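These notes are about the structure you will find just below.
Note that the structure is a prediction, hence the values are computed from the model and not measured. Start at 1 with the first residue, then count along the sequence.
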Amino acid sequence: VLKYACSGYDEVTLYLPAKLRENTTYVLTFGKDLQTRRAGKLTTPILIIFPTGSTIDSGSITGTILPSFESTSGEINNNLFVFAYDLTNIVADTIDYAKNKPDFLVQPSTDGKFEFKALKVGHTYRVLAVQDEFRNKLYDHSVDNYGITKKDIALTSQVVTNVTIR
């Protein structure tokens, strides 16, 4: 859990929960739930990307969540998140989504678009959308709906686009 302290209206100090790994690119995401003191909310998440080594990972995956997650108004549910698991150093079939939090997490836009930034080129990722009702960054079998891509995504070039989640 990330801790923070506010000083005034324009300054925030972040306290990271653990020592950071060497030669790793981190992405801090301030999601659409963030509010100002006057209850103003972000319309799109703010990303802060920084490395602990000399280079920033530059791969990205972009895509769309197809309509099954839409509300009756046609907008994407506020509890919907897109999870990405880096499969490079694990056996993909052993991931338990109810116990393992994703390596990367983004909130889609209201029209279902999503983008992961600062990924490692040459790695393979499993991407799925989860209607995370408890907002615990886990898939809860009896509560959450999910959708997944047709296959895992090998990031062989810097950008992979047009990924769809059903």
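- Legend: salt bridge (Lys or Arg N to Asp or Glu O under 4.0 Å) pairs involving residues 77-86, not counting sequence neighbours: none detected.
- In this structure, Ile61 is not a member of the same hydrophobic cluster as Val121, with clusters built from ILVMFWY side-chain heavy atoms closer than 4.5 Å.
- Every residue meeting the side-chain contact (heavy atoms from CB on, under 4.5 Å) condition with Thr124, not counting sequence neighbours, appears here in chain and number order: Leu87, Asp152, Ala154.
- Nearest heavy-atom pair, Ala98 versus Leu138, reported as atom, atom and distance to 0.1 Å: O-CD1, 3.5 Å.
- The salt bridge (Lys or Arg N to Asp or Glu O under 4.0 Å) check on Arg135 picks up Asp33, with sequence neighbours excluded.
- Membership of an apolar cluster is not assigned to Val159, as no side-chain contact below 4.5 Å to another ILVMFWY residue is traced.
- Pairs of residues two or more places apart, or lying in two chains, that qualify as side chain to side chain donor-acceptor pair (under 3.5 Å) and include a residue from residues 91-102 are Tyr97-Arg126.
- Taking CD1 of Ile65 as the start and OG1 of Thr149 as the end, the distance is 11.5 Å to the nearest 0.5 Å.
- The minimum heavy-atom distance linking Leu155 with Gly59 is given by the pair CD2-CA, 3.8 Å.
- Taking 4.5 Å as the limit, every side-chain heavy atom of Tyr146 sits out of range of all side-chain heavy atoms of Ile165.
- Leu47 forms part of a hydrophobic cluster together with Val27, Ile49, Ile56, judged by ILVMFWY side-chain heavy-atom separations under 4.5 Å.
- Hydrophobic clustering keeps Phe83 apart from Phe134 (ILVMFWY residues linked when any side-chain heavy atoms are closer than 4.5 Å, directly or through intermediates).
- Criterion: ILVMFWY side-chain heavy atoms under 4.5 Å apart, direct or through other members. Under it, Leu20 and Leu14 are part of a common hydrophobic cluster.
- With sequence neighbours left out, Ser58 forms a side chain to side chain donor-acceptor pair (under 3.5 Å) with Gln158.
- Under the rule for a side-chain contact (heavy atoms from CB on, under 4.5 Å), the partners of Thr164 that lie at least two apart in sequence or sit in another chain are Leu66.
- The side-chain contact (heavy atoms from CB on, under 4.5 Å) search around Val106 returns Val82, Phe114, Phe116, not counting sequence neighbours.
- Pro102 and Lys137 make their closest contact through CD-O, 3.3 Å (heavy atoms, listed as atom of the first residue, atom of the second, distance).
- Within the model, atoms NZ of Lys113 and OG1 of Thr64 stand 3.5 Å from one another, a figure rounded to the nearest 0.5 Å.
- Asp144 pairs by the side-chain contact (heavy atoms from CB on, under 4.5 Å) definition with Val130, Asp132, Glu133, Tyr139, Asp140, not counting sequence neighbours.
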- Message: Let's go through Phe104 and Lys117 carefully: what are the C-alpha distance in whole Å and the side-chain angles of both, what is the deciding distance for side-chain contact (heavy atoms from CB on, under 4.5 Å) to 0.1 Å, and is it a yes or a no?
- Response: CA-CA 9 Å; Phe104 302 92; Lys117 293 183 176 182; over 6 Å; no

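- With hydrophobic clusters built from ILVMFWY side chains whose heavy atoms lie under 4.5 angstrom apart, Tyr85 does not share a cluster with Val91.
- If you chain together hydrophobic residues whose side chains sit under 4.5 Å apart, Ile148 and Leu105 fall into the same group.
- The side chain to side chain donor-acceptor pair (under 3.5 Å) contacts involving residues 19-31 comprise Thr25-Asp57, where partners must be two or more places apart or lie in separate chains.
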